[in-house]
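Ligands are counted one by one from 1 in listed order, and the atoms in each one are counted from 1 as well. We're numbering straight along the sequence, starting at 1.
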Amino acid sequence: MNWAFSAFAAGLTSETAFDVLAVARRLRAAGKEVIELQIGDSPFPTPPHALAAAHAALDAGHTRYAPSLGLPEFRAAIAQTLNREFALDLTADHIAVGAGAKIFQTFFCEAFLEPGDAVLVFEPAFPTYLPNILRRGAIPVLAPLRPERHFRPDPDDLARFLRQHSRPKAVFLNSPHNPTGSILLLDDLRAFADLLRGTPVLLFSDEPYCHMVWEGKHHTPLSLPELRERTVAAYTFSKSYSMSGWRCGFAVAPPPVIQVFGKLLNTSLSCVPPFVQKAAQAALELDEPTRNEQMNQFRAKVNLLVTELSRLEGVRVRRPAGTFYVFPDLRLWCQRFGLTSHGLAMFLLEAADERRGVACLGGECFGPSGLGFLRLSCAESDERLVEAVHFIGQTLTAACSSGPQAERLTRWRQQHPQFHWPR
Ligand SMILES: Cc1ncc(COP(=O)(O)O)c(C=O)c1O
């Protein structure tokens, strides 16, 4: 059969983290010792009350369909928690439960975008924003996040977007930010509110790392009355509660939007499994102490990784204001080797050493402005984080001198023209 894929499906790009994960697991199965810092997952177990609630819910028979928007008591518990944590005044009618945060990118685009609408995306950005915008035939407009601004979005880019596009429809925001670790300040949101006043432009505010803020506090556009009416915010249990495999998240939006999300859920997922919702509700209500303890451990891991990386010659690293990612600048090394940062990342994983490897991602997997940076997550033990940085340091130095490491690098470069540093 000659499958005639749609142009959209044929051109679909996806999250590189999952591709690198597959390579890392293949190498591991073949006996290689791999330190896995490629994917944004938690090294901690799901907290105890969530686990116990899932077992109890299964035993009690919560194993069939549930309302598409989520169990009413769970939606109410989410609203109460957000009200307490971020000083909001939401009700269950503002909440839709879905399988993680990612699905709400799709639903937001399906709910609002028409072909030809322009959508502003600051990059580097989470890789699934673009496919979801393109899915609707809308036009992603990229604006760079700059190291000089600590990777915070520049309101001038929003002003230019509004001026230059005849059909500006939406802006994607993500704070705390994956991959750079930046956070939006209240002043940034105020500047955005000023520019958006009187326009029909909507915000998709992606906030999976809302509990991982290491400097200042988390600011959601939902907390500004002038932004709240134009905002859909997405949250997840994947990061704060170490529940990435349970696939549970939620969106916050005005009730008419939630009603449309109900139809989108109904016509796609039907619902999130009720025993998963019961587990997530228990996490919200009973596992906050465990969550806070795990967040403290993440903060310590991020600090450790930054300290270790800052010892490496030619590597510039900034302490992230949030998230469990560190985003060091290795442009000097990339230029010296003639390799893109993802080329360097794959060399560290596959070819630098036969017995050992480190898995991470090149910043360009998140957009052109990420070129020359690496994204390392903290999803391993402290000892292995330190080991990973030593491995990177040794590899960089050895690849510069004449010897087997340098030969490996030359060979790697010859075999992978797609990884050549752009001239
Ligand atoms: C910025 C961002 N958005 C969305 C997601 C997806 O979260 P979930 O696993 O809850 O779908 C992630 C996960 O890494 C993320 O980093």
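A heavy-atom distance below 4.5 Å is not found between the side chains of Phe108 and Phe104.
Legend: salt bridge (Lys or Arg N to Asp or Glu O under 4.0 Å) pairs involving residues 8-17, not counting sequence neighbours, sorted by first then second residue: Glu15-Lys102. For residues 147-159, the pairs satisfying salt bridge (Lys or Arg N to Asp or Glu O under 4.0 Å) are Arg146-Asp154, Arg146-Asp157, Arg149-Asp188, Arg152-Asp188, Asp157-Arg160, with sequence neighbours left out.
In terms of heavy-atom proximity, Tyr235 sits nearest to Ala233 at CE1-CB, 3.6 Å. Heavy-atom minimum distance, Arg413 versus Phe337: CD-O, 3.2 Å.
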Identify all side-chain donor-acceptor contacts of residues 359-370 below 3.5 Å with residues at least two apart in sequence or on another chain.
{"unit_1": "Glu364", "atom_1": "OE1", "unit_2": "Ser341", "atom_2": "OG", "d": "2.5"}
{"unit_1": "Glu364", "atom_1": "OE1", "unit_2": "His342", "atom_2": "N", "d": "3.3"}
{"unit_1": "Glu364", "atom_1": "OE2", "unit_2": "Thr340", "atom_2": "OG1", "d": "3.1"}
{"unit_1": "Glu364", "atom_1": "OE2", "unit_2": "Ser341", "atom_2": "N", "d": "3.4"}
{"unit_1": "Glu364", "atom_1": "OE2", "unit_2": "His342", "atom_2": "N", "d": "2.7"}
{"unit_1": "Ser369", "atom_1": "OG", "unit_2": "Glu123", "atom_2": "OE1", "d": "3.4"}
{"unit_1": "Ser369", "atom_1": "OG", "unit_2": "Glu123", "atom_2": "OE2", "d": "2.5"}

Can you give me a line-by-line list of nitrogen or oxygen pairs between ligand 1 and the protein shorter than 3.5 Å?
{"unit_1": "ligand 1", "atom_1": "3 (N)", "unit_2": "Asp206", "atom_2": "OD2", "d": "2.6"}
{"unit_1": "ligand 1", "atom_1": "9 (O)", "unit_2": "Ser238", "atom_2": "OG", "d": "3.1"}
{"unit_1": "ligand 1", "atom_1": "9 (O)", "unit_2": "Arg247", "atom_2": "NH1", "d": "2.9"}
{"unit_1": "ligand 1", "atom_1": "10 (O)", "unit_2": "Ala101", "atom_2": "N", "d": "2.9"}
{"unit_1": "ligand 1", "atom_1": "10 (O)", "unit_2": "Thr236", "atom_2": "OG1", "d": "2.5"}
{"unit_1": "ligand 1", "atom_1": "10 (O)", "unit_2": "Ser238", "atom_2": "OG", "d": "3.0"}
{"unit_1": "ligand 1", "atom_1": "11 (O)", "unit_2": "Ala101", "atom_2": "N", "d": "3.1"}
{"unit_1": "ligand 1", "atom_1": "11 (O)", "unit_2": "Lys102", "atom_2": "N", "d": "3.0"}
{"unit_1": "ligand 1", "atom_1": "11 (O)", "unit_2": "Arg247", "atom_2": "NH2", "d": "2.8"}
{"unit_1": "ligand 1", "atom_1": "14 (O)", "unit_2": "Tyr209", "atom_2": "OH", "d": "3.3"}
{"unit_1": "ligand 1", "atom_1": "14 (O)", "unit_2": "Lys239", "atom_2": "NZ", "d": "2.7"}
{"unit_1": "ligand 1", "atom_1": "16 (O)", "unit_2": "Asn178", "atom_2": "ND2", "d": "2.7"}
{"unit_1": "ligand 1", "atom_1": "16 (O)", "unit_2": "Tyr209", "atom_2": "OH", "d": "2.6"}

